[in-house]
Chemist: 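Let me begin by handing over the structure; questions about it come next.
Proteins come first, then strands; the chains are lettered A, B, ... in the order of their sequence lines, and each starts at number 1.
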2 protein chains.
Amino acid sequence: MTSSRATLIQVAERAGVSLASTSRALHGTGASPAMVERVRAAAAELGYSPDATGRSLRMKRTFQVAFAVADIGNPVYVEMLTAIHEVLAPHGYRVVVMSTGHTVASTADLVRSLSSGFVDGLIVSPLRTDDELVTAIMQAPVPVVVIGRSLEQHGIDSVSTDSAAGLGQAVAHLLEIGRRQIGFVNGPLDTTPGAARQRGFDAATSGPAFTGEHAETERADDFTVAAGLEAGRRLLARGGLDAVVAANDLLAIGVIRAAGELGLSVPGDLAVTGMDDTEIGKVFQPSLTSVSLGSAERGRLAARLVLDRVGDGVEPARQVAVGPHLVVRESTAAAPSKEKRAR
Amino acid sequence: MTSSRATLIQVAERAGVSLASTSRALHGTGASPAMVERVRAAAAELGYSPDATGRSLRMKRTFQVAFAVADIGNPVYVEMLTAIHEVLAPHGYRVVVMSTGHTVASTADLVRSLSSGFVDGLIVSPLRTDDELVTAIMQAPVPVVVIGRSLEQHGIDSVSTDSAAGLGQAVAHLLEIGRRQIGFVNGPLDTTPGAARQRGFDAATSGPAFTGEHAETERADDFTVAAGLEAGRRLLARGGLDAVVAANDLLAIGVIRAAGELGLSVPGDLAVTGMDDTEIGKVFQPSLTSVSLGSAERGRLAARLVLDRVGDGVEPARQVAVGPHLVVRESTAAAPSKEKRAR
DNA sequence: ATGAAAGCGCTAACAG
DNA sequence: CTGTTAGCGCTTTCAT
């Protein structure tokens with residue numbers, strides 16, 4: 001099960017040539033065909049495989065990129081991870097997943113841990129972006145790309161999306177299908193997405209553009225189904241709503257369950273929208289109308305940004321944005337699902 | 001953003017002591033308090049952080065463990081990943097996620113890639129276990145732990161579960177609540193879980209122990225919701241069933257959707273069970289009765305096995321098993337959800 | 001085109 | 001307790 005591996009020196013000896021020639025032959029740079037042939041044969045016989053650590057030490061590159069998130073259980077991050085992996089793998093980069101969620105370590109601590117140089121770059125999607133984190137990122141010894149808030153003013157590469165505008169799309173859609181009493185279940189306000197989404201909801205439900213009659217907000221403790229269920233109960237208990245906008249799909253599912261508890265049908269009595277357009281939302285019953293924030297796309301873009309950074313020298317920081325778009329499904333169907341009920 | 005890091009030599013110079021003393025002082029092994037103080041101060045001033053690559057090369061340890069799965073999008077693997085991470089992180093190990101799913105690379109190729117030595121061990125949960133894979137694992141230069149089939153005869157550490165017995169539990173439960181016409185939606189038969197679950201279903205529905213009247217199987221192309229939907233349509237179109245056992249939660253959700261399309265209520269007209277006891281099953285409507293295979297527990301155990309291997313010398317291969325257990329929820333509620341319908 | 005040798009950053013013998 | 005030194009496996013000058 002555990003056998004020691006052949007080194008380049010052994011290949012060199014076997015081939016009867018110098019170490020340098022062996023290395024060159026294996027990389028196909030400036031070696032005669034005969035030499036290449038000879039070395040390749042020796043390498044094959046010994047089952048040689050270059051050692052990543054030795055290589056890294058010499059080249060000062062680890063060929064690894066880290067992806068750090070608060071909670072890898074959130075489907076949004078899984079989507080990002082998949083996308084990141086798809087972009088980086090073809091370039092010979094491995095992806096190391098780091099989670100700040102269940103451990104006590106703050107995201108800033110995690111960024112600081114990059115100083116041990118086990119990775120060539122980092123993609124991080126922080127829930128909260130405070131000064132400590134910004135400082136840690138700016139002092140990081142390797143390129144860092146942030147998925148979330150734009151940090152242009154600090155010279156940090158970032159991939160953002162306009163979730164506030166996305167919330168506006170959700171509200172507009174609900175008004176369009178005739179809903180007038182709109183509730184909003186948001187996550188914690190001290191998080192980047194929580195703050196942005198609240199801004200979006202407030203903007204969409206105030207001023208002349210808002211053709212509805214009533215708007216109110218209830219805050220969940222977290223961006224999870226359980227928290228959404230509790231917040232949904234509180235919000236719906238007050239009565240009088242015909243639609244609820246949730247700050248993400250998990251919260252929306254919680255709200256729908258809360259509605260069920262109270263005997264409210266979705267979308268008949270209550271239309272519900274989510275955000276993130278996750279797989280779970282697509283397959284939920286009723287399937288969830290949701291604002292896509294292009295998770296996979298953001299992951300892809302972030303991966304390309306790090307790739308450029310680790311490859312080239314210093315360029316100005318770049319900001320990329322992905323536009324939100326609404327995906328309408330059953331949870332806001334204009335006509336309450338009468339046929340579905342019929343048997 | 002990118003600043004070069006201080007090395008041990010620089011710390012030594014700064015402290016005015018030798019390289020060796022510096023290393024020792026920083027590790028707290030055999031250095032005088034005065035020396036430790038001096039070196040620590042110098043290290044702090046320079047913001048020194050030990051280089052992982054140099055350390056790895058010297059110690060012949062990378063402090064990394066890889067986790068390889070077919071599809072990181074599957075919630076089961078995410079649960080395992082979380083558990084693995086929780087066990088390994090406190091021991092200073094990082095987790096590298098490798099996916100074989102969307103790329104063409106076979107699991108065997110992936111195992112062979114370990115030969116570059118970028119990791120101290122591997123946890124792999126393969127969908128199919130053929131001779132090529134077994135050979136690759138046996139020849140791997142680092143310890144490999146398999147989550148899935150027991151591979152004791154090959155001297156490979158493994159964590160398994162008895163999903164066949166789990167299927168038996170699901171069938172027994174359905175019979176108990178009075179169902180007699182049982183359908184089974186399985187995934188591909190040429191996969192390890194597919195084969196085991198088929199065996200379990202066949203055993204549970206044949207012989208005198210089976211008090212039902214009818215049993216039939218329909219195969220999905222994959223262990224996904226989409227495949228479950230299609231297989232569910234085929235199975236239910238034939239009619240006459242009052243219960244369906246699905247080989248995992250995702251397939252079960254697909255089946256429930258197919259039932260909805262045909263106007264069948266769950267659990268009223270059709271009881272449905274899943275397997276894996278995933279989060280998505282818990283929050284689905286109706287919530288899913290499911291056979292837990294202890295995903296998190298299996299991840300934890302696998303992590304402990306690699307940890308033991310990378311720490312110690314060669315021990316005999318160990319096999320660990322996690323027992324399945326049924327979790328009953330709404331999708332098989334004995335009394336069809338009459339109250340729920342009432343408003 | 002090939003070989004000799006330096007050195008990436010670190011730890012661990014070995015001497016003193 | 002401290003310093004000197006070797007060397008992990010590799011790439012890359014620098015000579016030849």
Side-chain angles (χ1 to χ4, degrees), chain A residues 2-40 42-43 46-64 92 114-120 141-142, chain B residues 2-40 42-43 46-64 92 114-120 141-142:
Chain A
T2 304
S3 67
S4 62
R5 316 189 292 100
T7 79
L8 198 60
I9 294 195
Q10 291 167 21
V11 176
E13 285 170 352
R14 178 89 174 199
V17 298
S18 80
L19 181 61
S21 297
T22 310
S23 175
R24 279 187 295 245
L26 256 27
H27 286 83
T29 57
S32 67
M35 173 69 80
V36 170
E37 173 60 24
R38 223 169 140 178
V39 171
R40 285 200 122 83
L46 274 68
Y48 171 78
S49 175
D51 180 77
T53 309
R55 194 158 206 272
S56 292
L57 183 59
R58 176 63 225 238
M59 299 185 69
K60 290 181 164 297
R61 266 156 163 259
T62 61
F63 296 100
Q64 290 191 157
L114 296 180
S115 60
S116 73
F118 66 97
V119 82
D120 298 338
V142 296
Chain B
T2 303
S3 67
S4 63
R5 318 189 290 101
T7 80
L8 197 61
I9 293 194
Q10 290 167 23
V11 177
E13 283 170 354
R14 179 90 173 201
V17 297
S18 80
L19 179 62
S21 295
T22 310
S23 175
R24 280 188 294 248
L26 257 26
H27 285 82
T29 59
S32 68
M35 173 68 82
V36 171
E37 174 60 25
R38 221 169 141 178
V39 171
R40 286 199 120 83
L46 274 66
Y48 171 76
S49 177
D51 180 77
T53 308
R55 196 160 204 271
S56 293
L57 183 58
R58 178 63 227 239
M59 299 185 69
K60 289 181 164 294
R61 268 158 162 256
T62 60
F63 297 100
Q64 291 191 155
L114 297 179
S115 60
S116 73
F118 66 97
V119 82
D120 296 339
V142 296

Chemist: I want to check one thing: is the phosphate of dC8(C), taken as OP1 and OP2, less than 4.0 Å away from some side-chain N or O of T53(B)?
Modeler: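 No, outside the criterion.
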Chemist: Rounded to whole angstroms, how far apart are NE2 on H27(A) and C1' on dT12(D)?
Modeler: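 One finds 11 Å between C1' of dT12(D) and NE2 of H27(A), rounded.
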Chemist: So, for T22(A) and A12(A), which heavy atoms are closest and what is the spacing to 0.1 Å?
Modeler: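 Heavy-atom minimum between the residues: OG1-CB, 3.2 Å.
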Chemist: Return the value, rounded to whole Å, for the distance between atom CG of L57(A) and atom P of dC10(D).
Modeler: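 To the nearest whole Å, that distance equals 12 Å.
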Chemist: In this structure, how many angstroms lie between the P atom of dG9(C) and the CG atom of L46(B), rounded?
Modeler: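 Distance, rounded to whole Å: 14 Å.
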Chemist: Determine: side-chain N/O of T7(A) to OP1/OP2 of dG9(D), distance under 4.0 Å, yes or no.
Modeler: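 Result: no.
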Chemist: Please confirm whether any donor atom in the side chain of R5(A) sits under 3.5 Å from an acceptor in the base of dG9(D), or the reverse.
Modeler: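 Absent.
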Chemist: Which residue, P33(B) or Y48(A), contacts DNA chain D at a nucleotide closer to its 5' end, judged by nearest heavy atom?
Modeler: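 Between the two, 5'-proximity favours P33(B).
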Chemist: For dG3(C), does either OP1 or OP2 sit under 4.0 Å from a side-chain N or O belonging to S18(A)?
Modeler: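 Yes, within the criterion.
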Chemist: Output the distance between atom OG (S21(B)) and atom CG (L19(B)), rounded to the nearest 0.5 Å.
Modeler: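 One gets 9.0 Å once the value is rounded to the nearest 0.5 Å.
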Chemist: The side chain of A20(A) is closest to which nucleotide in this list: dG3(D), dA4(C), dC10(C)?
Modeler: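 Nearest to the side-chain atoms of A20(A), counting from C-beta on, is dA4(C).
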Chemist: Check the distance between dA12(C)'s P and L26(B)'s CG and give it to me in whole angstrom.
Modeler: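 Checked: the CG to P distance equals 13 Å.
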Chemist: What's the CD1-C1' distance between I9(A) and dG3(C), to the nearest Å?
Modeler: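 So the two atoms are 14 Å apart, to the nearest Å.
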Chemist: Please report, rounded to the nearest Å, how far the P atom of dA1(C) is from the CD atom of E37(A).
Modeler: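 Computing the E37(A):CD to dA1(C):P distance gives 17 Å.
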Chemist: Report yes if at least one side-chain N or O of K60(B) is closer than 4.0 Å to OP1 or OP2 of dC10(C); otherwise report no.
Modeler: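 No, no such contact exists.
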Chemist: Does Y48(B) reach the side chain of R14(B), with side-chain heavy atoms less than 4.5 Å apart?
Modeler: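 Y48(B) does not reach R14(B) side chain to side chain.
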Chemist: Is there side-chain contact between Q64(A) and F118(B), with heavy atoms separated by less than 4.5 Å?
Modeler: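 Yes; the side chains approach each other to less than 4.5 Å.
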Chemist: Write down the distance between CZ (R24(A)) and C1' (dT13(D)), rounded to a whole number of angstrom.
Modeler: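 Answer to the nearest Å: 10 Å.
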Chemist: Nearest whole angstrom, please: distance from the P of dG9(D) to the CE of M59(B).
Modeler: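 Rounded to whole Å, this separation is 15 Å.
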Chemist: Which part of the nucleic acid, if any, lies within reach of S32(A) when heavy atoms closer than 4.0 Å are counted: base, sugar-phosphate only, or nothing?
Modeler: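 If one applies the 4.0 Å heavy-atom cut-off, S32(A) turns out to touch the sugar-phosphate alone, with no base involved.
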Chemist: Quick check: do L8(A) and S23(A) have side-chain heavy atoms less than 4.5 Å from each other?
Modeler: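 A side-chain contact under 4.5 Å exists here.
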Chemist: With DNA chain D as reference, determine whether M35(B) or A52(A) sits nearer its 5' end, using the nearest nucleotide of each.
Modeler: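 Looking at the nearest nucleotide for each, M35(B) comes out on the 5' side.
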